[in-house]
Structures are given as structure tokens and as C-alpha cells.
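Written out below as C-alpha cells is the structure these notes cover.
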Amino acid sequence: MNIKDLPEDENYFTPGHTACAGCAAPIIVRNMMKIFGKDTIVYTPANCLLVFGGTYPYLSWKVPYLHEAFENTGSCIAGVSRAYKKKGKKVTVVGFAGDGGTYDIGIQALSGAAERNEDAIYVCYDNEAYMNTGIQRSGSTPYGASTTTTPAGKKIPGKLEHKKDMAEIMRAHQIPYVATMSIAHPKDFLEKTKKAKETEGFRYLHVLSPCPTGWRADPAKTVELARKAVDCGMWTLYEAEYGEITNIYKPKKKIPVEEYIRGQGRFRHFTPEMVEELQRWVDEKWERLYGEKP
Amino acid sequence: MIQKIDAKKMVVTGDYAAAYGALLCDVDVVAAYPITPQTIIVEEFSTFVNDGITDAEFIMVESEHSAMSACIAAQAAGARTFTATSSQGLALMHEMLSIASALRLPIVMPVVNRTVAAPIGIWCEYNDTMPQRDSGWLQMSCEDNQEVLDMIIMAYKMGEHKDVLLPVMPALDAFILSHTVEPVDAPSSDEVLDFISHYKPHAILDPDNPMAIGTFTPPEYIQELRYQHHVAMNNARKVIKDVTKEFAQKFGRDYHGLIEAYKCDDAEVVLITMGTVTGTARDIVDEMRAKGKKVGLIKLRFYRPFPIEEIRKIAENVDAIGVYDRSISYGTGGPMFIETKNALYGMEKPVVNFLAGLGGRDVVKGDVEKMFEILLKAKEGEAKEEIYWINTRGVSI
């Protein structure tokens with residue numbers, strides 16, 4: 001499956017939305033929706049996507065669309081899915097949640113839906129902070145990043161904790177399908193989306209979603225940032241079925257994390273020691289995933 | 001669809017009656033979470049599912065917040081839904097209650113009234129449902145287990161009416177009803193489905209006719225939605241009366257609409273009660289009447305919409321009105337007392353509030369008798385207080 005194989009004029013998430021320049025979220029959503037297709041029902045919790053794509057009366061959605069609240073994506077997609085199961089009609093039910101709505105406030109409902117193996121797809125577009133409310137730290141924010149609630153101060157230099165490994169938490173649920181994805185790897189992205197659509201039961205797709213506004217980066221570099229995140233090991237690409245990793249992508253050449261964080265204002269205050277700490281975390285993660293030292 | 005179920009007489013708890021009501025209404029999706037004393041409702045319903053009496057989808061969610069979230073989503077996808085909760089569970093659900101009602105989804109949710117912490121307790125108090133007053137649901141309280149069953153059936157018909165389209169919250173007292181068996185007449189599933197008819201959703205998530213529900217909405221549009229919601233709540237008054245009348249004709253049990261007036265016609269004083277204390281108060285009215293005292297009783301069924309006209313009409317001919325409350329709005333008085341005073345605005349009548357049974361303390365005949373005695377004094381202008389704490393240590397009346 002390649003980007004050229006997608007129907008060009010079949011958009012279920014249409015242009016005209018109000019996302020910031022360089023936002024990765026509409027790239028993720030538009031392309032996924034081309035694969036999910038017409039018979040899809042979409043839920044979004046409170047997030048940027050709700051605002052830039054779901055503001056009445058200027059909606060970008062051409063499929064049935066529901067929003068209820070912030071912390072309940074798992075339960076809402078379960079509710080829609082069960083209603084259709086009762087009707088005996090097959091639809092694809094998808095929730096698009098951000099990292100705050102997934103890692104933090106939504107983890108309970110997500111875990112419940114996964115444990116019950118609800119027949120639905122949960123997509124986490126991960127921009128590594130509460131961007132919609134103005135760049136506050138989340139459980140996904142990487143170590144050291146300066147956000148509006150972890151500002152790089154004179155005493156405390158940004159966020160002190162490392163990023164939570166959400167995809168691994170989902171893999172531990174032993175659900176039918178978990179995939180981590182990147183917009184810089186479109187073939188992989190589309191194939192995983194297609195596989196998710198064709199799988200039954202609970203499916204969790206996790207995409208790193210560079211946010212030039214929140215990361216304080218050049219909006220022209222969104223895809224480049226996504227690629228460097230994978231190349232340095234900050235973001236890893238794999239698939240897991242029922243808890244077992246079935247496919248894993250290994251960058252041909254691992255770049256230093258410094259190359260990835262350079263050019264992102266959220267890391268501008270990094271001292272050599274902070275770079276070293278982040279590199280240590282990345283290397284440990286690499287070793288866990290690939291079973292060898294970088 | 002459910003299997004055909006014949007009419008029968010049962011001896012069941014209030015919780016069972018609630019679950020059985022949902023079964024007879026052929027609900028499509030139930031999402032629920034256990035909490036004492038509501039637990040029996042979800043246990044019984046899951047038994048109906050696992051025994052194949054109904055093919056409803058049962059989602060045993062991980063919290064009450066998710067229970068309501070899933071019900072809203074399923075109802076928006078065209079299902080008739082049901083859930084149940086109590087106390088802290090209702091408090092956790094609070095965020096989702098106003099979403100259910102503003103999306104105009106006629107979900108039915110019995111709430112077993114239980115005290116809200118602190119301190120933690122499991123017994124009857126109305127400080128769970130009463131604070132949900134402005135969440136936009138129809139709220140009412142049942143007197144006995146028969147009313148619980150009948151009300152679940154009527155709730156679907158009221159909530160799904162095109163002039164209403166609002167969720168309904170029938171309440172029942174913790175343990176006094178939830179765990180106490182009483183004889184209950186259950187109609188057949190055919191009769192019930194004929195009465196409520198099949199659910200036809202007004203808004204639905206359907207890929208063949210895409211619709212957005214719950215969009216991010218700017219100020220240009222929200223105020224009209226609030227107005228329409230208010231109109232729907234007012235419309236509910238007539239629908240409640242019509243549905244109870246139709247129910248009485250079909251099933252022979254008359255609940256008289258928003259209130260039931262008991263011996264009010266020539267009463268000098270009346271007491272307003274809600275829930276199971278009503279039964280005790282009926283006895284006291286009979287006993288005091290036998291002694292020649294002209295006392296009457298208003299059983300308040302609906303808290304939202306509040307029966308303003310009905311209460312005013314009765315108040316015109318009485319000299320004092322008492323309001324029994326099982327929860328307190330601190331520094332002001334019982335919620336029903338506040339509502340009653342609002343309803344009687346402009347009428348120069350003494351209104352007295354009685355607080356009793358908070359935290360689940362028993363309200364016994366002597367307590368209710370005391371309320372009437374104080375009311376008879378109030379009639380003569382001799383009531384010392386506006387708010388009386390009945391059977392409360394540290395308070396002398």
C-alpha cells in the first residue's frame with residue numbers, strides 16, 4: 001500500500017479546517033480516513049481536532065461524528081460499537097484522541113475498553129503536551145521539554161520526568177492489534193491503518209504528531225521532525241498482535257538525539273548534561289526494543 | 001428482541017423491579033458499574049442477558065462516568081439504553097448528565113438514593129440526586145416497588161416523546177426499596193412494548209446520512225439550545241400527565257401526574273413528602289383525620305419539572321404547608337423547601353421545612369406526626385422556626 005493508491009478525491013476529513021500551519025494531526029486523520037472509508041463513525045474527545053475540524057457549522061467531517069467529553073474516548077467508541085453490534089450492521093468505529101486524552105485523563109476508559117476487547121479503533125495522535133489548552137505538560141511530554149506548566153526556569157529546567165510508554169501499556173493489554181506509526185513513513189503508516197481496519201476487536205494506533213506551535217519548530221519541518229524522531233530512537237515503529245511484537249522497524253543509521261532536539265524551542269535550554277540524560281533514556285529504550293546496545 | 005414474557009405477580013426488591021422494567025422495555029444497550037445499593041439492578045440485568053431472555057448488549061464498564069458516556073454514545077447511535085447508579089457514582093457521572101440531556105437523548109437511569117460522603121455511608125439520603133437539579137433531566141422519586149417498575153416503563157414513554165426528548169431519572173430509596181421485597185404486578189412484554197412502542201431516534205450516527213452530534217459550538221448558537229431545552233422541560237409537565245393517564249387506563253394503576261394529593265380537599269395544613277416517607281405520612285394523615293384534624297398530604301413525584309401549578313392550586317385552600325426534605329442545601333434549607341417557596345411566591349402562606357432521615361436515619365411515625373403538629377401550630381402563626389431538624393441530637397424542638 002502506498003500513498004498513490006489512496007483515492008485522491010475521496011476525503012472524509014476535508015480541507016478548510018483551521019489547524020495551525022505544519023500541524024501533523026490533519027495529515028494523520030485525512031489519510032487514515034481515506035482507508036477507514038465511508039462506513040466509519042468518528043468520535044473525538046476534547047482536543048485540537050475537535051476545535052479545528054469540528055466547529056459548528058464549519059465541520060470537516062463527512063462521516064457521522066460525535067463528541068461528548070474529554071476522558072471517555074474508550075467508553076464512547078464502545079457505546080457506538082455495541083449499538084451497531086445490536087443492530088447487526090458492520091461499521092468502523094474510530095476515536096481520535098490526543099496524548100492528554102490518552103496518557104492522562106483518558107487512560108482509565110481506554111484501559112477498560114481494551115480489556116473488554118471492544119470492537120473499535122483508538123487512535124492516539126501524540127503531540128506530547130496539552131496543545132489545545134496552550135502547551136501544558138502531559139504524561140507524554142519528553143524529559144526536559146519546556147511547556148507552560150514546566151517552563152525552563154532558573155531553578156527547574158523544564159519537565160523532570162521522562163515520557164510514559166503508552167504503546168507498551170496498550171501492548172500489555174494483549175489486544176488484537178497495537179501499532180506505532182509516523183507520518184514520515186507513509187507506506188508503513190497506511191499499511192498499519194489498513195491492517196487495523198481489517199482486524200476485529202480492540203485496536204490501538206499511536207502516531208507521533210509533531211506540533212510546530214507547541215514544539216516551537218519550523219512548520220515546514222513537520223515531516224522532517226517526525227523522521228528524525230524515529231531515526232534517533234525517541235519514537236519507535238512496531239506492530240504487536242495479542243501482546244507479541246510481530247514487526248519492528250529499525251533505522252539504518254541511529255542519529256544522536258541532539259540532532260532531533262536541535263531546532264525545537266522546547267529543548268533550547270538544554271545543557272550538555274540534559275542532552276546526555278535524554279540520550280541515556282533513548283539508548284535504554286533502544287536496548288529494550290532491539291535487544292542490543294545501540 | 002426480548003423473549004415474550006407473560007404478565008405475572010412477583011415478590012421482588014425495588015432493584016429487581018427496576019431491572020425487570022428495563023427488560024420489559026426491550027432496551028438495546030446497558031452500560032453500568034456496580035455500587036451499593038444499586039448493584040442488584042446490574043446483577044439482575046446481566047442475568048437476563050446471560051440467560052438469553054434478552055439479546056441486549058451489556059457493557060460492564062470501568063466507572064460510572066464511562067457508563068453514562070457509553071449510554072450517550074449508544075443512544076446517539078440509535079439504541080435504547082439503560083443504566084443505574086447511586087450516590088458517589090452519580091456524582092462521578094455528573095459531567096456526563098448534562099451532556100446526555102443537552103444532546104436530547106432519552107436515556108433512562110434509576111438512581112438508588114444513597115448518602116454522598118463524607119462521612120461515607122450506604123443508606124438513604126437525597127444529597128446524590130438533588131444536586132443534579134440543573135443537569136436537565138426529568139427527576140422523580142418512587143414510593144414503592146410497584147411504582148419503580150411502572151415508572152421505568154413510563155419513563156421511556158415520557159422521555160422519548162417528541163415534545164420532550166430528555167433523559168429520565170427515577171429515584172428509589174436505598175434499602176427501604178432497593179433491598180426490600182414487595183408484591184409487584186408485572187405486565188407482559190407485549191403490553192409494555194405496545195404502550196411505549198419502538199424507539200425511533202430523532203438524531204442518529206448513520207453513515208448513510210452523516211450527522212455531527214456534540215460539535216464545538218460558538219455563542220451564536222448555544223443560547224437557543226438552552227431555550228429549547230427549557231421549553232422541553234416545561235412540555236414534560238403535560239406529557240407526564242398524559243402518560244400517567246394512559247398508563248392508568250391500560251394497566252389500572254393511576255399515579256396522577258406530577259403529584260398525588262391525598263386528602264387535601266378540605267385540609268387546613270398539608271405536608272409535602274417524597275419517596276418512602278410518603279407511605280408513613282399516609283398512615284399519619286389517616287390517624288389524625290380519625291381524631292378530627294384536617295391534615296392532608298402531597299406526594300411529590302417529580303422534582304424536575306417541578307409541579308408549580310399543582311402545588312399552588314392546593315396551597316390556595318390551606319393555611320400552612322410543610323415540606324419534608326431528606327437532604328440539605330447548607331445555610332438555606334432543604335431543596336424541596338426552596339422549590340416550594342419559589343412555587344408559592346406571592347402567596348402569603350406559612351411554609352415550614354422539616355429535615356429528617358439524613359444519612360439514612362429512619363423516619364418513623366412519631367417523626368411525621370411531629371411534623372403535622374408543628375404545621376398545625378404554624379397555621380395559628382405559632383411556629384417558632386422556619387426550618388425544623390427532626391430527631392437530631394443537639395436540636396430541641
Side-chain angles (χ1 to χ4, degrees), chain A residues 12 37-47 49-93 95 106 108-116 118 120, chain B residues 1 26-31 33 54-81 83 92-93 95-100 102-103 105 107 201 203-218 220-222 225:
Chain A
Y12 298 103
K38 174 189 156 287
D39 290 333
T40 300
I41 295 173
V42 168
Y43 178 80
T44 67
N47 56 27
L49 177 59
L50 164 73
V51 179
F52 73 68
T55 295
Y56 183 84
Y58 309 108
L59 275 87
S60 285
W61 295 101
K62 297 200 111 175
V63 292
Y65 171 78
L66 176 68
H67 163 74
E68 292 181 28
F70 195 3
E71 64 279 60
N72 53 5
T73 304
S75 326
C76 296
I77 57 179
V80 173
S81 168
R82 294 293 192 100
Y84 270 89
K85 189 180 171 200
K86 177 73 176 24
K87 280 187 224 185
K89 198 173 160 190
K90 185 74 185 158
V91 291
T92 301
V93 183
Q108 176 180 318
L110 167 58
S111 177
E115 180 268 324
R116 296 188 308 270
E118 301 288 353
Chain B
M1 275 300 288
D26 195 22
V27 297
D28 299 305
V29 176
V30 177
Y33 188 77
T54 169
D55 63 353
E57 285 293 316
F58 184 76
I59 321 178
M60 191 64 225
V61 284
E62 83 309 318
S63 73
E64 287 89 354
H65 192 283
S66 279
M68 186 47 61
S69 299
C71 281
I72 292 168
Q75 191 94 22
R80 179 181 269 159
T81 67
T83 185
L92 183 60
M93 238 182 225
E95 182 196 16
M96 302 314 298
L97 295 181
S98 52
I99 295 171
L103 294 181
L105 299 169
I107 299 162
I204 183 168
L205 298 165
D206 175 8
D208 293 330
N209 182 22
M211 175 185 284
I213 300 177
T215 57
F216 188 68
T217 305
E220 286 93 316
Y221 306 102
I222 293 187
L225 299 178

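Sequence lines set the chain letters: A, B, ... in the order given, protein chains first and strands last, and positions in each chain run from 1.
Within the 4.5 angstrom heavy-atom criterion, atoms from both the backbone and the side chain of A:Arg82 approach chain B. Only the side chain of A:Ile41 comes within contact range of chain B, with at least one heavy atom under 4.5 Å from a heavy atom of that chain. Contacts of B:Met60 with chain A are made by backbone atoms alone, with heavy-atom separations under 4.5 Å and no side-chain atom involved. Contact annotation for A:Glu115: neither backbone nor side-chain heavy atoms come within less than 4.5 Å of a heavy atom of chain B. Of the atoms belonging to B:Ala31, not a single heavy atom falls under 4.5 Å from chain A.
Nearest heavy atom pair, residue B:Ala73 against residue A:Cys76, reads CB-O, 3.1 Å. Pairing each heavy atom of B:Val61 with each of A:Arg116, the nearest pair is CA-NH1, 3.5 Å. Annotation for B:Met96 and A:Ala69: closest pair SD-CB, 3.8 Å, computed over non-hydrogen atoms. Taking every heavy atom of both residues into account, A:His67 and B:Leu103 meet most closely at O-CD1, 4.5 Å.
With respect to chain A, the highest number of heavy-atom pairs below 4.5 Å among B:Asn209, B:Asp208, B:Asp28, B:Thr81 belongs to B:Asp28. Interface check for chain A: of the options B:Gly78, B:Ala79, B:Pro218, B:Ala77, the most heavy-atom pairs under 4.5 Å are formed by B:Ala77. Among B:Ile72, B:Ile59, B:Val29, B:Thr215, the residue with the largest count of heavy-atom pairs under 4.5 Å with chain A is B:Ile59. Of the listed residues A:Ala109, A:Gly74, A:Ala113, the one with more heavy-atom pairs under 4.5 angstrom with chain B than any other is A:Ala109.
Put simply, the side chain of B:Met211 does not reach to within 4.5 Å of the side chain of A:Pro64, judged on heavy atoms. Looking at heavy atoms from C-beta onward, A:Glu71 lies in side-chain contact with B:Glu95 at the 4.5 angstrom threshold. Using a 4.5 Å heavy-atom cutoff, the side chains of B:Met68 and A:Asn72 are not in contact. Side-chain atoms of A:Tyr84 and B:Pro207, non-hydrogen and from C-beta on, do get closer than 4.5 Å to each other.
A salt bridge links B:Glu57 with A:Lys85; the closest basic N to acidic carboxylate O contact falls under 4.0 Å. A salt bridge is defined here as a Lys NZ or Arg NE, NH1 or NH2 lying under 4.0 Å from an Asp or Glu carboxylate O, and B:Asp206 with A:Lys87 fails to meet this definition.
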Intermediate values then yes/no, side-chain contact (heavy atoms from CB on, under 4.5 Å), A:Gln108 and B:Ser63: CA-CA 8 Å; A:Gln108 176 180 318; B:Ser63 73; 3.1 Å; yes

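A 6.0 Å sphere centred on CZ of B:Phe216 holds no more than 12 heavy atoms belonging to other residues, nucleotides or ligands.
Side-chain contact of A:Ser75 with B:Ser69: a donor-acceptor pair under 3.5 Å is absent, judged by distance alone.
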Return a table of donor-acceptor pairs under 3.5 angstrom between the side chains of residues 51-63 of chain A and protein atoms on other chains or two or more places apart.
unit_1: A:Thr55; atom_1: OG1; unit_2: A:Val51; atom_2: O; d: 2.6
unit_1: A:Ser60; atom_1: OG; unit_2: A:Thr14; atom_2: O; d: 3.3

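Separating the CD1 atom in B:Ile99 from the CD atom in A:Glu68 is a distance of 6.5 Å, to the nearest 0.5 Å.
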